[in-house]
Amino acid sequence: GDLVAIREKAIKAAGIACQYDKEKNYDEASGKYIETIEYFQHVIKYEKNPSLVSTYKKKAEEYLTRAMYIKKMLKEKEEPVKVEAAADGAPKESPSGKGGKEDK
């Protein structure tokens with residue numbers, strides 16, 4: 001049960017991080033991404049399902065990359081380039097499913 005609770009905390013923290021990121025609250029976003037990674041590291045350590053471990057590692061890597069990028073941009077006093085992400089932190093796909101430019 002503990003693993004499920006920590007996984008839920010990771011998912012919630014990721015959602016908050018993405019929301020902060022979207023709102024250009026980059027300092028808070030960076031901190032939440034790091035918090036998310038810490039939760040995922042714990043889940044990865046105890047998760048028995050290899051495909052879930054792989055998924056969590058991939059997400060943790062994405063969040064780490066984003067957090068480091070934000071920190072670098074904040075240090076250089078530049079505005080980070082915005083990334084579109086769904087509420088769960090997964091990159092959005094175009095509604096057509098083709099990944100191409102959407103018609104406006």
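Contact check for Lys24 versus Tyr26: side-chain heavy atoms found under the 4.5 Å cut-off.
Scored by the ring-ring contact (aromatic ring centres under 6.0 Å, His included) test, Tyr39 finds no partners at all (sequence neighbours excluded). Here Glu23 pairs with Gln19 under the side-chain hydrogen bond (donor to acceptor under 3.5 Å, both in side chains) rule; sequence neighbours left out. For the side-chain contact (heavy atoms from CB on, under 4.5 Å) test, residues two or more places apart in sequence or in another chain that qualify with Asn25 are Tyr20, Glu28. The side-chain contact (heavy atoms from CB on, under 4.5 Å) check on Met73 picks up Tyr69, Glu76, Glu78, Pro80, with sequence neighbours excluded. A search for salt bridge (charged side-chain N to carboxylate O under 4.0 Å, His left out) contacts involving Lys57 returns nothing, not counting sequence neighbours.
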| message | salt bridge (charged side-chain N to carboxylate O under 4.0 Å, His left out) for Glu61 and Lys58? Distances and angles first, verdict last. | response | CA-CA 5 Å; Glu61 218 171 86; Lys58 188 173 168 235; over 6 Å; no

| task | May I have the step-by-step check of side chain to side chain contact (heavy atoms under 4.5 Å, CB included) for Glu8 and Lys12, ending in yes or no? | result | CA-CA 6 Å; Glu8 290 299 316; Lys12 187 175 181 183; over 6 Å; no

| task | Evaluate the criterion side chain to side chain contact (heavy atoms under 4.5 Å, CB included) for residue pair Ile70 and Asp21; output intermediate values, then yes/no. | result | CA-CA 9 Å; Ile70 290 172; Asp21 204 341; 3.9 Å; yes

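With rounding to the nearest 0.5 angstrom, the CZ atom of Phe40 is 9.5 Å from the OG1 atom of Thr55. Distance check: Tyr56 OH to Thr36 OG1 gives 13.5 Å after rounding to the nearest 0.5 Å. Note that CD1 of Ile37 and CD1 of Ile34 are 4.5 Å apart. Values are rounded to the nearest 0.5 Å.
Contact between Ser30 and Ala67 at its shortest, heavy atoms only, is OG-O, 3.6 Å. Minimum heavy-atom separation, Ala14 to Tyr63: CB-OH, 3.4 Å. Nearest heavy-atom pair, Ala29 versus Ala17, reported as atom, atom and distance to 0.1 Å: CB-O, 3.6 Å.
Within the structure, the salt bridge (charged side-chain N to carboxylate O under 4.0 Å, His left out) test picks out the following pairs touching residues 33-56 (sequence neighbours left out): Arg7-Glu47, Lys32-Glu35.
Under the 3.5 Å distance criterion, with hydrogens and angles disregarded, no donor-acceptor pair is assigned to the side chains of Tyr46 and Asp2.
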